[in-house]
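First the structure, in the form of structure tokens, and then the observations on it.
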Protein chains: 2
Amino acid sequence: MPPPAGRTGRPRSAEAHSAILRATRTALAELGWSRLSMSDVAARAGVARTTLYRRWPGKNELVVDAVAALLDEQLELPDSGSLAGDIEGVVLRFAQLLERPETRSALMAVVAESTRDPALRERVTAAIVDRQKALVLRGRERARARGELPPETDEAASARESDLVFDVIAGTVVHRALVSGEPVDAEWARRFTRMVLGGLPALTAEG
Amino acid sequence: MPPPAGRTGRPRSAEAHSAILRATRTALAELGWSRLSMSDVAARAGVARTTLYRRWPGKNELVVDAVAALLDEQLELPDSGSLAGDIEGVVLRFAQLLERPETRSALMAVVAESTRDPALRERVTAAIVDRQKALVLRGRERARARGELPPETDEAASARESDLVFDVIAGTVVHRALVSGEPVDAEWARRFTRMVLGGLPALTAEG
DNA sequence: ATCTTACGATACGGCTCGTAGCGTAAGTCA
DNA sequence: TGACTTACGCTACGAGCCGTATCGTAAGAT
């Protein structure tokens, strides 16, 4: 896999690189995770099968990179002016990503594989999880600046808290969309946000 | 797959059935999802490969059944006397299940596959999701009986609410355990429960 | 005793895997 | 310009799994 440093010979084709990632995404959307094969991707990308193995160790790593490229395009956090608005915004953005067939089939699969493969776990964390988490941290900063949340006092407690919030938001949205199989629409995002901010009683109070 | 009704000939071996499911779980724990093969399971179970195909259409369905059997043993909701205690209890029970290597590797994988296969989705829903959801519903009934939650008024709203709570609890625990890769211990369960009941501000209020 | 179904064993074509070896193309550096 | 280094496409390989079919046998039901 190493095209590491001190380059001298023929450089790797950048066109091939993006063509492969693109082919991986369309193949994912068409075939799903289990039926996706390296042979198939190579054929779609118009590239020799060996070229894939020169750049990625296997299917897992290839898919992680292919999906990560999507996140950079899609994940943003529009400043809505309120904490509730920011949460609803990130929820809907994330849900929008989960509507794409390629992410639906890929995300859970790579997570499943990563439970047995530490190297893959790191790759997933760096390429996908951290990108999402950054949004949560940014939103909290804004909320503090507005006075919607108290300023940070204990740094460790603050980190634990944002970890929890991240798991709640990302986990719930994924579960709703992929496990329960129900739509994540604006109305659901509103109710979810109310629960995150006010807890279960606040949710019951009003319809 | 159909051993449907009007039986007359030789019955299917019940020993083989449980031996196969047991072999599937140990193979899952050893190899993980992607490297698990029907051939391997058959060999471990001491059964001909064709016997597996007579009972299950493929790897997906076999694994769902193998994991579902675990849930029946493990999933219960001890009555702790308070809503908070019940939530912490079910969170810890579920987390305990997610510590087993066979469930870790299997759960997300079958969910990933089910996003492309409606029949598999139904199987997952019936065998796994509904079993978990029943716990949430039971806990809510108890809380209402104790007066911790207001009695049901609108039935539709009530169903939406329990769906949301279910996604929040199951989704967050799974995300914490499998994506973030952090332990779900008693201390975390306490903080999570406080957030579910009181919302984000309640969480910040105390350490 | 007969009938029906499950079982084990074996074999098949088709596919994917990961690696290796080759000659050629595309750059870098003197 | 020419030597060097690396990527590329192509072909081939052994191994493994897949899903199905076939066959003779075993185990219960009637």
Side-chain angles (χ1 to χ4, degrees), chain A residues 1-24 27-28 30-63 65-66 105 109-110 113 116-117 119-120, chain B residues 1-24 27-28 30-65 105 109-110 113 116-117 119-120:
Chain A
M1 219 190 351
R7 325 296 311 101
T8 162
R10 172 177 177 178
R12 290 187 173 173
S13 161
E15 292 79 19
H17 188 83
S18 59
I20 291 172
L21 293 185
R22 216 176 317 126
T24 305
L28 269 175
E30 273 182 35
L31 307 172
W33 164 269
S34 59
R35 289 193 265 203
L36 177 72
S37 73
M38 299 290 268
S39 315
D40 190 285
V41 171
R44 287 170 192 260
V47 156
R49 208 160 55 87
T50 44
T51 298
L52 265 74
Y53 286 105
R54 287 193 191 99
R55 308 190 181 203
W56 289 276
K59 193 165 104 170
N60 291 336
E61 292 79 4
L62 172 59
V63 169
D65 284 8
S105 4
V110 294
E113 289 299 310
R116 309 218 102 246
D117 182 343
L120 183 62
Chain B
M1 220 195 341
R7 328 294 311 100
T8 161
R10 171 177 176 178
R12 288 187 174 172
S13 161
E15 291 80 20
H17 188 84
S18 60
I20 291 172
L21 292 184
R22 216 177 316 128
T24 305
L28 268 175
E30 272 183 35
L31 307 171
W33 163 269
S34 59
R35 289 193 263 203
L36 178 72
S37 74
M38 298 291 268
S39 315
D40 189 285
V41 171
R44 287 171 193 259
V47 155
R49 208 159 56 86
T50 44
T51 298
L52 265 74
Y53 285 105
R54 287 194 193 99
R55 308 190 180 203
W56 288 276
K59 193 167 103 169
N60 292 335
E61 292 79 4
L62 172 59
V63 169
V64 171
D65 285 8
S105 359
V110 294
E113 290 299 312
R116 309 219 104 246
D117 182 343
L120 183 62

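Keep in mind it's a predicted model, so treat the numbers as computed, not measured. A, B, ... follow the sequence lines: proteins, then strands. Residue 1 opens every chain.
- Of the possible donor and acceptor atoms, one in the side chain of B/Thr24 sits under 3.5 Å from a partner among the backbone N and O of B/Ile20.
- In this model, a side-chain donor or acceptor of A/Arg49 finds a partner on the base of C/dG18 within 3.5 Å.
- Residue B/Met38 contributes atom CE, which lies 16 Å from atom C1' of D/dG16 at whole-angstrom precision.
- Rounded to an integer number of Å, the gap from B/Arg54 CZ to D/dC23 P is 14 Å.
- The CG-P distance, from A/Leu62 to C/dC17, rounds to 11 Å in whole Å.
- Ranking D/dC18, D/dC8, C/dT19 by closeness to the B/Ser39 side chain, first place goes to D/dC18.
- Atom pair B/Ile20:CD1 and C/dC7:P shows a separation of 8 Å (rounding to whole Å applied).
- A salt bridge is absent between A/Glu113 and B/Arg35; no separation between the charged side-chain nitrogens and carboxylate oxygens falls under 4.0 Å.
- For the pair B/Leu52 CG and D/dC18 P, the interatomic distance rounds to 10 Å; values are reported in whole Å.
- Listed nucleotides: D/dG9, C/dC17, C/dA6. Nearest to the side chain of B/Arg12: C/dA6.
- No salt bridge links B/Glu61 with B/Arg55; every basic N to acidic carboxylate O contact stays at or beyond 4.0 Å.
- Atom CH2 in B/Trp56 sits roughly 18 Å away from atom C1' in D/dC18 (whole-Å rounding).
- When distances are taken from the side chain of A/Ala48 to each of D/dC10, D/dC18, C/dC7, the shortest belongs to D/dC10.
- Listed nucleotides: D/dT20, C/dG21, C/dT5. Nearest to the side chain of B/Thr8: C/dT5.
- Counting non-hydrogen atoms under 4.0 angstrom, B/Thr50 reaches a base of the nucleic acid.
- Listed nucleotides: C/dG8, D/dA7, D/dG9. Nearest to the side chain of B/Val47: C/dG8.
- To the nearest angstrom, P of D/dC10 lies 17 Å from OH of A/Tyr53.
- Taking 4.0 angstrom as the limit, A/Ser37 places a side-chain polar atom (N or O) nearer than this to OP1 or OP2 of C/dT16.
- The nearest whole Å value for the distance from the CG atom in A/Asp40 to the C1' atom in C/dC15 is 12 Å.
- Side chain of B/Lys59 to main chain of B/Leu36: a donor-acceptor pair is present (N/O by atom type, distance under 3.5 Å, no hydrogens or angles).
- Considering all non-hydrogen atoms of both residues, A/Ala45 and A/Ala19 come closest at CB-O, 3.9 Å.
- Nearest-nucleotide assignment on DNA chain C puts the 5′-proximal partner with A/Gly58, out of A/Gly58 and A/Pro11.
- Between the side chain of B/Arg10 and the base of C/dA6 there is at least one donor-acceptor pair of N/O atoms closer than 3.5 Å.
- The shortest distance between the side-chain N/O atoms of B/Thr51 and the OP1/OP2 oxygens of C/dG8 is below 4.0 Å.
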